[in-house]
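Working notes, beginning with the structure itself.
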Amino acid sequence: MITVKNMRRILALVFSCFVGAIAWFSAWLYIPPAHALTQIKLTNLDYHECPAELAAGAVTSGGNTRAAKCFIVTGKAENSTNKTVYDADIFGRVYDANNDPMIQNRTRLGSIPEIPPGVSDFEMRLSVPANQPLPLQLKQFKAAGFAAQIRK
């Protein structure tokens, strides 16, 4: 036998389920914009020595300081999306003339603050140990950034 008290409990349960379902469904109506990484192709890589005012410095690793050579790496960044890409990290490998790695245990080499749609020029400073033979070999360079500014 269903009493008024039991009927109120059943209606309260049904109402709670209904409100919960509406809340769950409404969460799907607003989806915040995704700030997924956008891949950027880097081409036409080249380098030249830094001007004297930028060239001073050293390479440190594990508490040891070694003399360094400074270079400016230049190239083209291809943003194939129709949106500006921000805070793009540059990744790559740098080898000396003997094919020995110049920067060990690190593939993030720098960043590009802003890349408009299309192809644009970029440059970054790179310091490498002074005792490794030239020329530099720049391999596997690429970049990845965001459709909105992340760092402020």
Does some side-chain heavy atom of Cys70 sit less than 4.5 Å from a side-chain heavy atom of Arg125?
yes

Residue pair Asp87 / Ser111, side-chain heavy-atom distance below 4.5 Å:
no

To the nearest 0.5 Å, tell me how far Ile112 CD1 sits from Glu123 CD.
10.5 Å

With rounding to the nearest 0.5 Å, note down the distance linking CE in Met124 to CD1 in Ile90.
5.0 Å

Please check: side-chain N/O of Asp96 versus main-chain N/O of Gln132, any donor-acceptor pairing under 3.5 Å?
no

Within-4.5 Å side-chain heavy-atom neighbours: Ser120 and Asn79:
no

So Phe146 and Leu37, do their side chains get closer than 4.5 Å, heavy atoms only?
yes

Between CZ on residue Arg106 and CZ on residue Arg93, distance to nearest 0.5 Å
12.0 Å

For the NZ atom on Lys139, are there more than 12 heavy atoms of other groups (residues, nucleotides or ligands in this structure) within a distance under 6.0 Å?
yes

Indicate yes or no: at least one non-hydrogen side-chain atom of Thr38 is less than 4.5 angstrom from one of Lys83.
no

What's the spacing between Thr107 OG1 and Gln104 CD if we round to 0.5 Å?
13.0 Å

Can Val94 be reached from Phe91 by stepping across I, L, V, M, F, W or Y side chains whose heavy atoms are under 4.5 Å apart?
no

With rounding to the nearest 0.5 Å, note down the distance linking CG in Leu134 to CE in Met102.
6.0 Å

Apply the test side chain to side chain contact (heavy atoms under 4.5 Å, CB included) to residues Thr74 and Asp121: give CA-CA distance (whole Å), side-chain angles for both, the deciding distance (0.1 Å), then the verdict.
CA-CA 7 Å; Thr74 61; Asp121 295 326; over 6 Å; no

Should Ile115 and Phe122 count as side-chain neighbours, where that means a heavy-atom distance under 4.5 Å?
no

Is it possible for you to say whether Phe141 and Tyr95 belong to one hydrophobic cluster, with membership spreading through side-chain heavy-atom contacts below 4.5 Å?
no

In the single-linkage hydrophobic clustering (I, L, V, M, F, W, Y; side-chain heavy atoms under 4.5 Å), do Val119 and Leu45 co-cluster?
no

Evaluate side chain to side chain contact (heavy atoms under 4.5 Å, CB included) for Leu126 paired with Tyr47, printing each intermediate quantity in order.
CA-CA 9 Å; Leu126 180 68; Tyr47 68 93; over 6 Å; no

Where do Ala77 and Ile40 come nearest, in terms of heavy atoms and distance?
CB-CG2, 3.9 Å

If you round to the nearest 0.5 Å, how far is OG1 of Thr84 from CD of Glu114?
5.5 Å

